[in-house]
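These notes are about the structure you will find just below.
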Number of protein chains: 2
Amino acid sequence: MKKKATIKDVAKYAGVSTAAVSYVLNGKESRVSPDTVKKIHEAIHALHYIPNYSARSLVKNASKLVGVIIPQTEDNRQLILENPFYSEMVSNIELKLREHGYHLILSGVDKGSSYLDISVQRNLDGAIIMGIYPEQFYEELKQVKIPIVLIDSYIHDNAFSRVGIDDEHGGYLAANYLIEKGHRNIALVTGTIRKDGVVEKRFLGYKRALREANIFYNPDYVFEQSVSYAYGYEAGKAIADRCPEITAVFATADLVALGVIRGLKESGKEVPEDISVIGFDDIFLASMFVPQLTTVRQHIARKGQMAAELLLEIMESESPEQVTRREESIPLTIIERQTVKPL
Amino acid sequence: MKKKATIKDVAKYAGVSTAAVSYVLNGKESRVSPDTVKKIHEAIHALHYIPNYSARSLVKNASKLVGVIIPQTEDNRQLILENPFYSEMVSNIELKLREHGYHLILSGVDKGSSYLDISVQRNLDGAIIMGIYPEQFYEELKQVKIPIVLIDSYIHDNAFSRVGIDDEHGGYLAANYLIEKGHRNIALVTGTIRKDGVVEKRFLGYKRALREANIFYNPDYVFEQSVSYAYGYEAGKAIADRCPEITAVFATADLVALGVIRGLKESGKEVPEDISVIGFDDIFLASMFVPQLTTVRQHIARKGQMAAELLLEIMESESPEQVTRREESIPLTIIERQTVKPL
DNA sequence: TCATTTTTGTTAAACGTTTAATTGAATTAT
DNA sequence: ATAATTCAATTAAACGTTTAACAAAAATGA
């Protein structure tokens, strides 16, 4: 079995030193005469030479590898890409990174092993971290000193760049929309409310909208557990069965909203006839669904692209340690569709 | 800024040679006295030492890295995870691989750069390839001599293991189901029919079902372009607008089926009242949708898991070159829901 | 007791790159 | 004609591991 060609093979074939080969490989062709450059290119081609990134990574201390981290729920069993929201972001991130010669390591993160491991093991050049994690996680993250872009978190730390949206505003928008349509008993269905997480902010926005409308905030109306279709379904049934006075629900993710609608329906409540629902995200499902989901749109693809761009910018700057952390915010709009009925 | 601890630091701290450290790191503790093992563990812990996989990869010629390759459509712009079918498989693959200490590089594959590149550059231990590619792609693939599992392709080659389903049977099942319900003018909406691809087989099954029922196969009834919601939508409109005699459509992917339904609806045809639709895959959307999609179910999660397991088995066997290629097939069932109406 | 085997440890080469330092030749300047 | 500079190429160390080969000490067997 033929072994893979190494830089030495190329050097020998071309009749030059490995250094020469390395120079042309790294675009420092000025170090080498045009003649030799040509010979080397021929050799590379003839031997089907492809550089070994592990070796390169060792000496350059740069791997051209980026980690993309997606949270997993408590039980550690939720599929990392269950929510199409993540799929869309990851797809866009992968595309952009690939265009710039980076590869992407996709990983969920489980409670046991720290994120640190993968980052150090693989000598990542950077990472994009989605969602929110225990505080200690970020402490570790800081230790590794690589460019990091946080998506959807409110961890303010000079060590991290962030891209996100104004979630408080989004929560406000959603709740306020329902209120304007005449609803007053508005449930909130959401994932666990964690400090510095998007859900917390949306929750705050929801409460502000209520307050401004002089609606008493009722803690019994918040259903807080996990961002999943299954939980939405559960909550939907609970609402239909136990809270007949509720006329509208705000789900902090479309995926959850769809579950809610299903749960409601199964307990005999039609949307929007009997009860209104508004979601958040505007995943592409939202418009496919029947009834089409009214929701707060964020530009998901753009979010992924921006995260990738931001990371690239830092990674490729001269001294990544010193580039000022940036924070990008994507605009938000209410998309009126079919799941909210004026009261 | 503190540098990362290396094995040398650990060795020095523990007062032993790097070899000793390496032995305990690699589970060869029998090479080392219990006393020293303890000292080394303490040193590792004290210094927060984490091994560098690039270096390890270099000498062991094994990277603990697996490539997961997803096809991109012609235009090279389709999101690799647009189809939740892929998301679900990838999620399951990632989980299983992570449990076994592997990391996953997720990549679309564009026309320009060959798959070979990433595989050699990164010294992948194995790869899972989804879907179907130009013939030359597989030739390259064979050159790299790493364990490969093909998902959803009919490339018969001793170099590859495969997991898939009986797509011809699936196509037959779907078409036959419609026929049994009394339909005779049945459209097929599908991605490009490529040799050795799943779509080709499903198409064959579709034709067999027609033949057995003595229905004339009409090429005008096959709408063949791409596996996307957008194309389904397009085809749905075309069918409604230009082929009023069609009473049922078989879409070879749920994602496409949902697009079809939407297109139909927008051209004034209701499903299933005016026209029936059956899909393929049973993505989780299928049951969430209204009307709930009748479809041919394959166990997607299981498919991902099996691919991962198969790959692990080969990668971890003594001599991967010699392990007999295996082919796994996942069973298929029709899931009757709400989008098919008897005629 | 001494030869043998086992245990525990170390040394150093190897993996495939990059790159600073060096060298010698060719060119330019004086 | 010679000194100074530029150009083109090479050498060799370094990156962080693993592991074969070796060595010394301890345990075992006769």
Side-chain angles (χ1 to χ4, degrees), chain A residues 2-41 43-44 47-65 101 117 119-125, chain B residues 2-41 43-44 47-65 101 117 119-125:
Chain A
K2 266 196 312 200
K3 291 276 298 165
K4 288 171 209 155
T6 75
I7 200 173
K8 284 183 194 163
D9 301 323
V10 176
K12 186 180 292 177
Y13 187 101
V16 298
S17 71
T18 62
V21 179
S22 179
Y23 288 135
V24 344
L25 247 29
N26 290 283
K28 298 182 175 44
E29 325 222 331
S30 57
R31 286 290 318 258
V32 144
S33 77
D35 246 28
T36 331
V37 170
K38 201 161 131 250
K39 278 193 298 186
I40 291 175
H41 276 136
I44 289 175
L47 301 178
H48 294 109
Y49 169 73
I50 296 168
N52 179 326
Y53 278 38
S54 294
R56 185 177 280 182
S57 157
L58 245 196
V59 13
K60 296 232 268 199
N61 197 27
S63 58
K64 288 279 173 184
L65 229 34
D117 287 9
S119 154
V120 176
Q121 285 166 347
R122 301 299 184 182
N123 211 241
L124 300 183
D125 289 349
Chain B
K2 267 196 309 200
K3 292 275 298 164
K4 287 172 210 155
T6 76
I7 200 174
K8 283 182 194 164
D9 302 324
V10 175
K12 187 181 293 177
Y13 187 101
V16 298
S17 70
T18 63
V21 178
S22 178
Y23 287 134
V24 344
L25 247 29
N26 290 282
K28 299 183 177 38
E29 325 221 332
S30 56
R31 284 295 317 277
V32 140
S33 78
D35 244 28
T36 331
V37 170
K38 201 161 132 249
K39 277 193 299 185
I40 292 175
H41 275 135
I44 289 174
L47 302 178
H48 294 109
Y49 169 73
I50 297 168
N52 179 325
Y53 278 38
S54 294
R56 185 178 280 181
S57 158
L58 246 197
V59 13
K60 298 231 268 196
N61 197 26
S63 58
K64 288 279 172 184
L65 228 37
D117 288 9
S119 153
V120 177
Q121 286 166 345
R122 301 300 185 182
N123 211 242
L124 300 183
D125 289 349

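The shown structure was predicted, so the numbers you read here are calculated from the model rather than taken from an experiment. The figures that follow rest on heavy atoms only: side chains count, while hydrogens, waters and symmetry mates do not. So that the names make sense, note that chain A is the first sequence line, chain B the second, and so on, each numbered from 1.
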Q.
Any heavy-atom pair between the side chains of B:N52 and A:Q121 that's under 4.5 Å?
A. no
Q.
Considering every strand and a 4.0 Å limit on heavy-atom distances, what is the contact class for B:Y53: base, sugar-phosphate, or nothing?
A. nothing
**Q.** Validation row: A:L25, A:I44 side chains within 4.5 angstrom (heavy atoms)
**A.** yes
**Q.** Gap separating the CD1 atom of B:I40 from the CG atom of B:D35, nearest 0.5 angstrom
**A.** 10.5 Å
Q: Between A:T18 and A:S33, name the one whose nearest nucleotide on DNA chain D is closer to the 5' end.
A: A:S33
Table please: side-chain donor-acceptor pairs of residues 55-63 of chain A below 3.5 Å, with sequence neighbours left out.
{"residue": "A:S57", "atom": "OG", "partner": "B:S54", "partner atom": "OG", "Å": "3.1"}
{"residue": "A:K60", "atom": "NZ", "partner": "A:N26", "partner atom": "OD1", "Å": "3.2"}
{"residue": "A:N61", "atom": "OD1", "partner": "A:N123", "partner atom": "ND2", "Å": "3.3"}
{"residue": "A:S63", "atom": "OG", "partner": "A:L65", "partner atom": "N", "Å": "3.3"}
{"residue": "A:S63", "atom": "OG", "partner": "A:N123", "partner atom": "O", "Å": "2.5"}
{"residue": "A:S63", "atom": "OG", "partner": "A:D125", "partner atom": "OD1", "Å": "3.3"}

Q. Mapping B:A20 and B:S54 onto DNA chain D by nearest heavy atom, which one lands closer to the 5' end?
A. B:S54
**Q.** Spacing of NZ belonging to A:K4 relative to OG belonging to B:S119, to within rounding of 0.5 Å
**A.** 6.5 Å
**Q.** Nucleic acid contacts - residues 5-15 of chain B versus DNA chain C, non-hydrogen atoms under 4.0 Å
**A.** none
Q. Does NZ or CZ of B:R31 lie under 6.0 Å from the centre of the six-membered ring of B:Y23, at an angle within 45° of the ring axis?
A. yes
Q) So what does A:S57 touch, heavy atoms closer than 4.0 Å: a base, only the sugar-phosphate, or nothing? A) nothing
(Q) Distance check needed: D:dT10 C1' versus A:I40 CD1, whole Å only. (A) 12 Å
Q) Atom CG in B:L47, atom CD1 in B:I7: separation rounded to 0.5 Å? A) 12.0 Å
Q | 5'-most by nearest nucleotide on DNA chain C - B:L58 or B:S30 | A | B:S30
Q: Just call it for B:N61: base, sugar-phosphate, or nothing, with non-hydrogen atoms closer than 4.0 Å on any strand.
A: nothing
Q) Quick one: how far along DNA chain C does chain A reach, first to last nucleotide 5' to 3', anything under 4.0 Å to a heavy atom? A) C:dG16 to C:dA21
Q: Can you measure from CD (A:E29) to NE2 (A:H41) and round to the nearest 0.5 angstrom?
A: 5.0 Å
